[in-house]
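Just the heavy atoms: all of them, side chains too, but no hydrogens, waters or symmetry mates, feed the values below. Quantities reported herein were computed from a predicted structural model and do not represent experimental measurements.
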Amino acid sequence: MINSTDRYLPQSSRSQINSEAGNFAHPVRSRWRHHLAALVVLCALTVGSALAQNTPKPDWGTADIPSQKDRIFLVTGGTSGMGFEDAKALAAAGAQVIITARNLQRGQEAVKRIEEEVPDAKVQFEPVDLADLSSVRALSQRLAGSLPRIDGLINNAAIMAPAERGTSVDGLEMQFATNYAGHFVLTAELLPLLRKSDAPRVVTLSSVAVHRGGINFDDLQSMQIYDPYAAYAQSKMACLMFAFELQRRSDANGWGIQSVAAHPGIAVTELVARGPGLDSDSGRRWLAMREHLQTAAQGAIPTLYAATAPEALAGAYYGPTGEQEIRGPLGLATIPDQALDNAAAAHLWNLTEKITNTSFPVSGN
């Protein structure tokens, strides 16, 4: 049961309505149909009211971040763009921040920049290649030996629309590997550290691109047809479905994780230059409109809200609320139909465990 309001509801609220309505799904006498209709309307009004109370303040910004003193965050892709802005803002709020990326020199430069801008910043760099699952596991082992816990994991790193299909060392299409599968494995590997926190959060970045494509289970690795932007949209849809499924499994298994999704709208970062290139058709269009787009700092706001705001909802999806959600005030983002398909999300999760040889713990572990 999906309606236009449901597209903005957190997963827990949609599940409550669907579960209660589903109790009456078997054939009943006609009078029960009236009870069902009344129940659905009542639930929708109740949830709508609760949702309005939890809608983010539109002008929420870095000044609204509560103190993050004594909290530990890991930000993937933290050397530039939104990841860098996330790391800087968290450090300014008092958090200990680990930024990760592939390039050691860029990592060291990012740490230096943050230290110059944020007095007494506690920030460090750890190298990782998300497209190499052995590198992801090595990072997790290093952190397990050096950190008491992780309070927040921000799955931010991404590549976008390389012209030619590439494959990771594990044989996965490169965008699927970097944007989604690497983060899936990283979250699984860091789950023991996250569970040592008293209030752990995992924030996973999606994209407005999810409205232009979805998961193609018949050609998940784009081996039959490679369309750069379709592959990007698929990887970001996978991230969104992962964020929702992580919350469902956390609830079912008692992991205590608050999983939240976010997207930046369209922000001015290095994503286009390092993906399709500025001399491509899409690159030239992007250059022509960039003055109307979000800055990297503006694009980071939904992620920072999801990671730090006490009122951020588990299983929710945050982003800009302007035209086509490209930019604008912070709010609840529109959820595409496929991301609302719990069965498809569970299938993607189980399939990803198989192709990455990764498993999340079962209940009680």
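Within the 3.5 Å criterion, the main-chain N or O of P329 finds a donor-acceptor partner in the side chain of T321. With hydrogens and angles disregarded, a donor-acceptor distance shorter than 3.5 Å links the side chain of T352 to the backbone of L348. Looking only at distances, a side-chain donor or acceptor of R71 sits under 3.5 Å from a matching main-chain atom of A199. In this structure, Y318 contributes its side chain and L313 its backbone to a donor-acceptor pair below 3.5 Å. In terms of modelled atom types and a separation under 3.5 Å, the side chain of Q234 and the main chain of G213 share no donor-acceptor contact. Between the side chain of N179 and the main chain of I159, a donor-acceptor pair closer than 3.5 Å is present. Between the E325 side chain and the A333 main chain, no donor and acceptor come within less than 3.5 Å of each other.
Rounding to the nearest 0.5 angstrom, the gap separating the CD1 atom in I98 from the OG atom in S146 is 7.5 Å. Atom-to-atom distance recorded for R149:CZ and D198:CG is 7.5 Å, nearest 0.5 angstrom. If you take CD on Q258 and OG on S197, they are separated by 10.5 Å, rounding to the nearest 0.5 Å. Note that CZ of F125 is 7.0 Å distant from OG1 of T100, once rounded to the nearest 0.5 Å. The line from CZ of R201 to CZ of F73 is 7.5 Å long, rounded to the nearest 0.5 Å. Here CG of D64 is found 9.0 Å from OG1 of T308. Values are rounded to the nearest 0.5 Å.
No continuous path of hydrophobic side-chain contacts links M174 to Y226 [ILVMFWY only; heavy atoms under 4.5 Å]. Following chains of ILVMFWY side-chain contacts shorter than 4.5 Å, one can reach L351 starting from F242, so the two form part of one hydrophobic cluster. There is a path of hydrophobic side-chain contacts, each under 4.5 Å, that joins L104 to I99.
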Chi angles and distances behind the side-chain contact (heavy atoms from CB on, under 4.5 Å) call for I257, T187: CA-CA 11 Å; I257 302 293; T187 306; over 6 Å; no

CA sep, side-chain torsions, deciding dist, call: S135, R102, side-chain hydrogen bond (donor to acceptor under 3.5 Å, both in side chains): CA-CA 10 Å; S135 176; R102 289 177 296 175; over 6 Å; no

Candidate pair Q221 and L172, rule side-chain contact (heavy atoms from CB on, under 4.5 Å), full reasoning: CA-CA 6 Å; Q221 302 306 323; L172 306 177; 3.7 Å; yes

From CA spacing to verdict: side-chain contact (heavy atoms from CB on, under 4.5 Å), L205, N155: CA-CA 6 Å; L205 272 289; N155 291 323; 5.9 Å; no

Pair Q141-E189, side-chain contact (heavy atoms from CB on, under 4.5 Å): steps then yes or no: CA-CA 8 Å; Q141 290 172 3; E189 293 287 325; 5.5 Å; no

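Taking the six-membered ring where the residue is Trp, F217 and H347 present tilted rings, their angle falling between 30° and 60°.
For the side chain to side chain donor-acceptor pair (under 3.5 Å) test, no residue two or more places apart in sequence or in another chain qualifies with K236. Residues satisfying the salt bridge (Lys or Arg N to Asp or Glu O under 4.0 Å) test with E109, not counting sequence neighbours, are none.
Annotation: cation-pi pair R113/F84 present, NZ/CZ under 6.0 Å from the ring centroid and within 45° of its normal.
Side chains of T76 and H183: a donor on one and an acceptor on the other come within 3.5 Å. No side-chain N or O of N156 forms a donor-acceptor pair with one of T303 less than 3.5 Å apart. Judged purely by distance below 3.5 Å, without hydrogens or angles, the side chains of S259 and R249 never pair a donor atom with an acceptor atom.
For E116, the CD atom sits in a packed shell: over 12 heavy atoms of surrounding residues, nucleotides or ligands are nearer than 6.0 Å. More than 12 heavy-atom neighbours from other residues, nucleotides or ligands sit within 6.0 angstrom of NZ on K57.
Listed by first and then second residue, the salt bridge (charged side-chain N to carboxylate O under 4.0 Å, His left out) pairs that reach into residues 163-174 come to none, sequence neighbours excluded.
Side-chain contact between P162 and Q175 is present, with heavy atoms from C-beta onward closer than 4.5 Å. M241 is not listed as a side-chain neighbour of W349, based on a closest heavy-atom distance of 4.5 Å or more. Taking 4.5 Å as the limit, every side-chain heavy atom of P264 sits out of range of all side-chain heavy atoms of Q298. Within the 4.5 Å cutoff, side-chain heavy atoms of Q338 are placed close to those of I215. The shortest distance between side-chain heavy atoms of L240 and P336 falls below 4.5 Å. Counting heavy atoms from C-beta on, the side chains of T79 and N103 never come closer than 4.5 Å. Residues P361 and W255 meet the side-chain proximity criterion, which asks for heavy atoms closer than 4.5 Å. Side chains of S140 and L193 form no contact here, defined as non-hydrogen atoms less than 4.5 Å apart.
Salt-bridge annotation for E85 and K88: present, with a side-chain N of the basic residue lying under 4.0 Å from a carboxylate O of the acidic one.
Aromatic rings from F184 and F176 are positioned such that their centres are separated by 6.0 Å or more.
Between I65 and A93, the closest heavy-atom pair is CG2-CB, 3.8 Å.
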